[in-house]
Student: 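My questions will all concern the structure given below.
What you are looking at is a predicted structure, and each value in this text was computed from that prediction instead of being measured.
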Amino acid sequence: MSNSSTKSEYMSTPLLRRKQQKELQKKADTLRAEDSFKEAVGTYLNSILIDRNNAETYFGLGVCYKNLGKTKKAIEYLEKSVLLDSSKYETFYELGLCHLKDETPCKAIKCFIQAIQLEPDNPEAIYQLGLAHEQCEEQDMALMIYQKLIENSPNYINAYLRKSALFMKMELYKQALGLNLEILKINPKYAKVYSDIGLCLDKLGKTSDAKRYYRKFLSAMPESENANVVLKRVEKLRQIKKYEPKFTLV
């Protein structure tokens, strides 16, 4: 056997192919971390040509397609990743996000439940599970999930925000106000919530306090996309001349 033939056989060994696959995987992961999703896709696909049974490759490919706005392709590859390895929280979580984006919330619910089973203390999947139930028009279930999340992760502000938004949608402004005030206890500098507090007070007929929080919002976030709407409301409230019962926030 000639030296060139021996070298050719060596270059095609499974060991070398695994090495090539790992190098492509690493390069693709780096590109994905740099948000170079289109370039990463090509590298992941080259990696799959070498090894069609690598769950991490399909996961990376799915995440890239999600970020490129190709949700159905993302779901396809993330599902392949799950079939090869069903022990990864991240895969079920990303798959759930894709189903939410694809407006298939029942499938998203199943994915988030799987993610929660793998990492029960991670609040993100629990929060997204609530959103999925909202998308299914199951408001009571969503409220229950957000409340449980508040109890288990009392500093997780998104749960308060989402539960408050649901209460406001249901015109339960007193309950929403309480949640928004709790947010300020957690983070007194969370200025975004000032406008929601103002709106709740406004709806409850507490005009003076509403104006105060509207102004706090405008002072803290003058460039906000909601600033013009809030400013117009403040101007309108200035023209209101009526008796207001005394109301003191605790």
Student: Provide the full list of side-chain hydrogen bond (donor to acceptor under 3.5 Å, both in side chains) pairs with a residue in residues 228-237, sequence neighbours left out, each pair given once.
Tutor: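 Passing the test, one end in residues 228-237: Asp202-Arg233, Glu235-Arg238.
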Student: Quick one: list whatever passes ring pair (Phe, Tyr, Trp, His ring centres under 6.0 Å) with Tyr89, sequence neighbours left out.
Tutor: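 Tyr89 satisfies ring pair (Phe, Tyr, Trp, His ring centres under 6.0 Å) with Tyr93 only.
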Student: How long is the gap from NZ on Lys163 to CG on Leu179, to the nearest 0.5 Å?
Tutor: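 The CG atom of Leu179 is 5.5 Å from NZ of Lys163, to the nearest 0.5 Å.
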Student: Residues in salt bridge (Lys or Arg N to Asp or Glu O under 4.0 Å) with Glu76, at least two apart?
Tutor: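 Expected list: Lys80.
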Student: Who pairs with Gln135 by side-chain hydrogen bond (donor to acceptor under 3.5 Å, both in side chains), at least two apart in sequence or on another chain?
Tutor: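 Partners of Gln135 by the side-chain hydrogen bond (donor to acceptor under 3.5 Å, both in side chains) criterion come out as none, since no residue qualifies.
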Student: Please check if the number of heavy atoms outside Lys88 that lie under 6.0 Å from its NZ is greater than 12.
Tutor: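 No, because the 6.0 Å sphere around NZ of Lys88 holds 12 heavy atoms or fewer from other groups.
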Student: Please name all residues satisfying salt bridge (Lys or Arg N to Asp or Glu O under 4.0 Å) with Asp102, sequence neighbours left out, ordered by chain then number.
Tutor: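 So Asp102 forms a salt bridge (Lys or Arg N to Asp or Glu O under 4.0 Å) with Lys72.
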Student: Give the table of side-chain donor-acceptor pairs shorter than 3.5 Å for residues 104-116, with sequence neighbours excluded, one pair per line with atom names and distance.
Tutor:
residue : atom : partner : partner atom : Å
Thr104  : OG1  : His99   : O            : 3.1
Thr104  : OG1  : His99   : ND1          : 2.8

Student: List the residues meeting side-chain hydrogen bond (donor to acceptor under 3.5 Å, both in side chains) with Thr91, not counting sequence neighbours, and say none if there are none.
Tutor: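 None.
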Student: Side chains of residues 164-171: which donor-acceptor partners sit under 3.5 Å, not counting sequence neighbours?
Tutor:
residue : atom : partner : partner atom : Å
Ser164  : OG   : Asn180  : OD1          : 3.2
Ser164  : OG   : Asn180  : ND2          : 3.2

Student: Can you name the salt bridge (Lys or Arg N to Asp or Glu O under 4.0 Å) partners of Glu56, sequence neighbours left out?
Tutor: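 Scan of Glu56 (salt bridge (Lys or Arg N to Asp or Glu O under 4.0 Å), adjacent residues dropped) gives none.
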Student: Using a 4.5 Å cut-off between side-chain heavy atoms of Ile, Leu, Val, Met, Phe, Trp and Tyr, which other residues end up in the same hydrophobic cluster as Ile48?
Tutor: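 Hydrophobic cluster check, Ile48: joined to Phe37, Val41, Tyr44, Leu45, Tyr58, Leu61, Tyr65, Leu68, Tyr77, Leu84.
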Student: What pairs with Asp29 under salt bridge (Lys or Arg N to Asp or Glu O under 4.0 Å), at least two apart in sequence or on another chain?
Tutor: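 Asp29 satisfies salt bridge (Lys or Arg N to Asp or Glu O under 4.0 Å) with Arg32 once adjacent residues are dropped.
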Student: When Ile, Leu, Val, Met, Phe, Trp and Tyr are grouped by side-chain heavy atoms lying under 4.5 Å apart, directly or through other members, which residues fall in the same group as Leu83?
Tutor: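 Joined to Leu83, directly or through intermediates: none.
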Student: Identify whether Phe59 and Leu24 are in the same connected component of the hydrophobic contact network (ILVMFWY, side-chain heavy atoms under 4.5 Å).
Tutor: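 No, Phe59 and Leu24 fall in different hydrophobic clusters.
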Student: Without hydrogens or angle criteria, can the side chains of Gln147 and Glu151 be said to hold a donor-acceptor pair below 3.5 Å?
Tutor: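 A donor-acceptor contact under 3.5 Å links the two side chains.
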